[in-house]
Amino acid sequence: MKLALLGYGKMGKTIEEIAVNRGHEIVLKLEEDIDTFELDKMEIDVAIDFSVPKAAFKNITTCFKNNIPVVCGTTGWLDDYEKAVDICKKEDSAFIYASNFSVGVNLFFELNRKLAKMMNGMSDYEVEIEEIHHTQKQDAPSGTAISLAQQIITENDKKNNWQLDHAEEDEIPVKAKRIENVPGTHTVSYISKIDTIEIMHTAKSREGFALGAVISAEWIKDKKGVFTMKDVLSDQIK
Ligand SMILES: NC(=O)c1ccc[n+]([C@@H]2O[C@H](COP(=O)([O-])OP(=O)(O)OC[C@H]3O[C@@H](n4cnc5c(N)ncnc54)[C@H](O)[C@@H]3O)[C@@H](O)[C@H]2O)c1
Ligand SMILES: O=C(O)C1=N[C@H](C(=O)O)CCC1
């Protein structure tokens with residue numbers, strides 16, 4: 001498969017290594033605005049965007065307009081997600097966005113949903129989320145932490161929103177810490193006066209994110225529509 005990498009930083013380089021090992025060819029490595037490239041003259045099966053928040057929307061919608069399916073892992077641009085979905089549908093293209101492509105985190109998401117369901121109504125416990133990432137990360141909180149918060153809000157009758165640091169009673173507080181070289185650690189805690197219940201996912205490297213993105217690119221090639229990691233992993237995660 002011929003892949004375009006939109007963003008060739010830490011993730012782009014890890015994706016390249018895994019994709020080449022799985023027999024794919026990288027035909028484009030983009031580190032700047034997509035306008036400067038003539039996508040319609042290139043043969044690209046799938047574009048994988050791990051760029052920067054300010055570039056993602058333009059990158060991916062340009063691909064849709066050139067009939068190129070997109071796997072997007074860039075976080076921090078989601079105010080424009082619905083607009084991107086509309087353009088994808090209008091152009092009859094294909095799109096997967098995931099705040100986290102690692103299979104382990106997607107299992108963790110399922111655990112988070114189940115725990116949230118159990119804890120709904122346990123009024124002695126207050127929920128909070130903590131994420132820790134490397135110091136170069138541009139957005140806070142992480143996209144993964146936002147996904148975790150949204151999953152809890154769906155199950156919890158008392159929480160309607162999340163807030164970085166200081167939350168109101170109907171909000172989930174999300175703490176974002178930045179520590180050199182941390183690939184990504186997420187913890188959901190339910191805290192009472194007498195104990196704490198915690199679930200945690202710790203990424204040991206970027207390999208899991210990158211492998212999930214390449215598997216998603218293999219899955220979406222030749223499909224049309226808007227998908228999630230739940231669709232990609234539907235055979236594995238029941
Ligand atoms: N969904 C996931 O599983 C997952 C996992 C890891 C990282 N991420 C996200 O992926 C993104 C990239 O992460 P990273 O660690 O590789 O960051 P990075 O800073 O190492 O790389 C980003 C790259 O994008 C390039 N870039 C800048 N402007 C661009 C433009 N207009 N078009 C294309 N490329 C441009 C930069 O030159 C840089 O090389 C971040 O938003 C991060 O949060 C998501
Ligand atoms: O390194 C990053 O940046 C990461 N971003 C994603 C997020 O914001 O959740 C996934 C984890 C790593």
Side-chain angles (χ1 to χ4, degrees), residues 3-19 26 28-37 39 44 47-63 68 70-81 95-109 112 129-151 162 164 174-188 200-217 227-230 232-233:
L3 295 173
L5 300 180
L6 313 182
Y8 190 58
K10 293 182 283 302
M11 280 302 297
K13 292 186 176 89
T14 313
I15 289 168
E16 175 181 40
E17 205 180 310
I18 289 173
I26 310 300
L28 171 65
K29 298 170 192 173
L30 189 72
E31 285 211 77
E32 56 192 32
D33 208 283
I34 203 163
D35 264 2
T36 54
F37 289 85
L39 287 180
I44 296 169
I48 304 183
D49 184 297
F50 282 75
S51 59
V52 289
K54 67 177 167 50
F57 178 76
K58 187 171 183 189
N59 283 349
I60 65 183
T61 53
T62 304
C63 287
I68 299 168
V70 176
V71 169
C72 175
T74 305
T75 52
W77 67 277
L78 279 202
D79 287 349
D80 288 329
Y81 174 79
F95 183 35
I96 299 179
Y97 165 78
S99 62
N100 201 306
F101 277 94
S102 125
V103 174
V105 163
N106 283 273
L107 284 165
F108 184 66
F109 283 163
N112 181 49
I129 297 171
E130 182 189 86
E131 57 99 335
I132 310 174
H133 285 87
H134 53 93
T135 48
Q136 292 103 54
K137 187 160 178 59
Q138 290 193 8
D139 52 321
S142 67
T144 309
I146 295 172
S147 297
L148 288 164
Q150 287 167 339
Q151 290 154 12
W162 58 266
L164 201 54
V174 182
K175 293 178 184 158
K177 294 187 180 163
R178 298 291 171 257
I179 300 174
E180 205 85 351
N181 296 327
V182 174
T185 301
H186 292 89
T187 309
V188 179
M200 183 195 283
H201 179 275
T202 307
K204 296 182 177 176
S205 70
R206 292 184 173 80
E207 193 180 325
F209 313 137
L211 177 61
V214 175
I215 289 170
S216 299
F227 305 98
T228 67
M229 272 305 269
K230 257 191 149 186
V232 179
L233 298 173

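Just follow the structure's listing: the first ligand is 1, and inside any ligand the first atom is 1.
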- Within a radius of less than 6.0 Å around NZ of K175, do more than 12 heavy atoms belonging to other residues, nucleotides or ligands occur? no
- Item | Options S51, P183, G184, ranked by nearest heavy atom to atom 12 (C) of ligand 1, top entry | S51
- Message: For atom 44 (C) of ligand 1, tell me which residue out of A213, C72, A55, G73 has the closest non-hydrogen atom.
- Response: G73
Does ligand 1 have any atom sitting under 4.0 Å from a heavy atom of [X]?
| X | answer |
| --- | --- |
| Q136 | no |
| A98 | yes |
| K58 | no |

- Message: Show, in sequence, the C-alpha distance, side-chain angles and deciding distance for E131 and R178, and conclude whether the side-chain contact (heavy atoms from CB on, under 4.5 Å) test is met.
- Response: CA-CA 9 Å; E131 57 99 335; R178 298 291 171 257; 2.7 Å; yes
Can you pull every nitrogen or oxygen pair between ligand 2 and the protein closer than 3.5 angstrom?
{"unit_1": "ligand 2", "atom_1": "1 (O)", "unit_2": "H134", "atom_2": "NE2", "d": "2.7"}
{"unit_1": "ligand 2", "atom_1": "3 (O)", "unit_2": "K137", "atom_2": "NZ", "d": "2.9"}
{"unit_1": "ligand 2", "atom_1": "5 (N)", "unit_2": "K137", "atom_2": "NZ", "d": "3.1"}
{"unit_1": "ligand 2", "atom_1": "8 (O)", "unit_2": "T75", "atom_2": "OG1", "d": "3.4"}
{"unit_1": "ligand 2", "atom_1": "8 (O)", "unit_2": "K137", "atom_2": "NZ", "d": "2.7"}
{"unit_1": "ligand 2", "atom_1": "8 (O)", "unit_2": "G143", "atom_2": "N", "d": "2.8"}
{"unit_1": "ligand 2", "atom_1": "9 (O)", "unit_2": "G143", "atom_2": "N", "d": "3.3"}
{"unit_1": "ligand 2", "atom_1": "9 (O)", "unit_2": "T144", "atom_2": "N", "d": "2.8"}
{"unit_1": "ligand 2", "atom_1": "9 (O)", "unit_2": "T144", "atom_2": "OG1", "d": "2.5"}

- So, E130 and T187: side-chain donor and acceptor under 3.5 Å apart, yes or no? no
- Determine the interplanar angle of the F57 and W77 rings, folded into 0 to 90°, and report it as parallel if under 30°, tilted if 30 to 60°, perpendicular if over 60°. tilted
- Query: Would you call the rings of H133 and H186 parallel, tilted or perpendicular if under 30° counts as parallel and over 60° as perpendicular?
  - Reply: perpendicular
- Message: Under the side chain to side chain donor-acceptor pair (under 3.5 Å) test against T74, which residue among D139, D49, N59 passes?
- Response: D49
- Query: What residue among V232, L233, V71, I18 forms side-chain contact (heavy atoms from CB on, under 4.5 Å) with I215?
  - Reply: V232
